[in-house]
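Shown next, in structure tokens, is the structure this report addresses.
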Amino acid sequence: MQQSLSDLWYGFTVALQPANLMWSLFGVLAGNLVGVLPGMGALSAIAILLPLTYALGPVPALLMLAGIFYGSQYGGAIGAILLNMPSHPPHAVTCLDGYPMTLKGKGGTALGLTMLASFFAASFGIVVMIFASPLLVRMAFKFGPAEEFAIMFFGLVAGATMSRGSPLKGIAMTAMGLLIGTIGTDPNSGVARFTFGFDELRDKVELVALAMGLFGVADFFKNVNHIQHVGTQAAVRFKDMRPSLKELKQAFFPMVRGTLIGTLFGAMPGTGPTITTFVAYAFERRVSRTPERFGHGALEGVAAPEAAAHSKTQIDFIPTLSLGIPGDVVMALLLGALLIQGIQPGPQLITEHADLFWGLVASFWIGNVILLILNVPLIGIWVKLLQVPYRLMFPSALLFIAVGVFSTNNSLFSVGEVLIFGFMGLLFMIFDFPLAPIILGCVLGPLVETNFRTTLLLSRGDLSVFLTRPISASFLAAAVVLVGLQLYFGMRTALKRQLAN
């Protein structure tokens, strides 16, 4: 413990150097801004600014990119809550209860809870990074392809069976996401699959385009003939934007549970933040005594996934830096920035580049404090954005969506993808199919397939390997229990209805 505190103190001396502090502040501000703008997320911002790292040293370059990453997490929740537009896929689940809170005039409260949950979870994640880095690295080495397949399969089952509405519809939408995830080049054979002759689809469907089409454009199509203002019921007084003591008590334990879930998943290499938020939401819905409130503006449905996302974001740097295993595309870009600087991620990075690792850890705390101070006075501005007339708000949002999606690959084809997914989302909304499981299936589908096939190659086709490895067997058993519980509750509900009739 004494050594960890000494290393942390050294990290603060590195992070507070004027040049490093300046680039960290720049990254945090840029990330917060692009997170708020619909269609612009951490992926777009980091991709655009990645060439800038050529002119920077390793420490300021990584501090800037990391600041963009967790700064966009704050901003992304704002767009999801106020406009039902997640600029980053993990915030798709925040839309489920955050946007209904806005429609009820509680958008400011949702933002306040998000800010508190994010800071609490990020602080906990930083503490874990400081004191448990060696332990988490040792745990990470125990996760092979069988374990990664099992935990991702568990995430798919959780997201499919515990989504809002009918579990069968959730399973159908997860299957739709899995099908979309198969589009592109087969990772084993290199053969193009389901591209229908479009070379642009060889690199798979753009996740940003899918998320923005389903949640942003579909909502615009659904409400295109409305003339009312967006969220005119939202309170704009500052005292109404602060959560009450009752609301804080109601959200406290969901924040704690979401933080612990994010910490657990952050220690597992190869699992992105999207699965974390879905599992946190599904778990909170299951333990709630009134699960019917979820999807209609439940505080827990905002606090738990946001806490999970931010603790996961902090912990995710451990497998990324110490093992070179990124949790998602953004982490892959951060790995690319390290390689540009000639730094090879691996178990020796903490000792060979102590200034980089501990400076990064210290910058997390500095950056999160800056975000907390920055967003407190800006909550009123975000809520006032809701008073912009609908006819101006959503066309402007569509412009940002088009620009943001175009900037990821400089391709108009991606903009066309957004349009197609927007019409798909509209149809699903008309027939009351949940949209969030599609994102989950698309994100996890390729990873589940790759790990499953890799495991079978290593075991020479022996399926029992999934049951003989303790971690893998545990998560598969948990998935079976989830399905069993859904069948049990479904049969019980049907029986009650028959008795009532």
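When reading the values below, keep in mind they use all heavy atoms of this one structure, side chains included, and skip hydrogens, waters and symmetry mates.
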(message) Could you tell me if the side chain of F120 sits less than 4.5 Å from the side chain of L116, heavy atoms only?
(response)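 A side-chain contact under 4.5 Å is absent here.
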
(message) If the condition is ring pair (Phe, Tyr, Trp, His ring centres under 6.0 Å), which residues does F413 pass it with, not counting sequence neighbours?
(response)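 Here the qualifying residues are F198.
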
(message) Tell me the closest heavy-atom pair linking P58 and L356, and the distance in Å.
(response)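 For P58 versus L356, the nearest heavy atoms are O-CD1, 3.7 Å.
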
Side-chain ([X]) to main-chain ([Y]) donor-acceptor, under 3.5 angstrom:
X    : Y    : value
T277 : V93  : no
D97  : A298 : yes
T102 : I81  : yes
T455 : A146 : yes
S363 : L360 : yes

(request) Kindly say whether the aromatic ring centers of F294 and Y281 come within a distance under 6.0 Å. (result)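 For F294 and Y281, the ring centres are under 6.0 Å apart.
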
(request) Go through L210 and I180 one step at a time and tell me if the side-chain contact (heavy atoms from CB on, under 4.5 Å) criterion holds. (result) CA-CA 9 Å; L210 178 63; I180 294 174; 4.2 Å; yes

(request) Only counting residues at least two apart or in another chain, list the ones meeting side-chain hydrogen bond (donor to acceptor under 3.5 Å, both in side chains) with E200. (result)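 side-chain hydrogen bond (donor to acceptor under 3.5 Å, both in side chains) list for E200, sorted by chain: empty.
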
(request) Salt-bridge test for R202 and D186: reply yes if a basic N is under 4.0 Å from a carboxylate O, no otherwise. (result)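 Here R202 does not pair with D186 in a salt bridge, since their nearest N and O are not under 4.0 Å apart.
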
(request) Go through E306 and T94 one step at a time and tell me if the side-chain hydrogen bond (donor to acceptor under 3.5 Å, both in side chains) criterion holds. (result) CA-CA 7 Å; E306 284 301 315; T94 306; 2.6 Å; yes

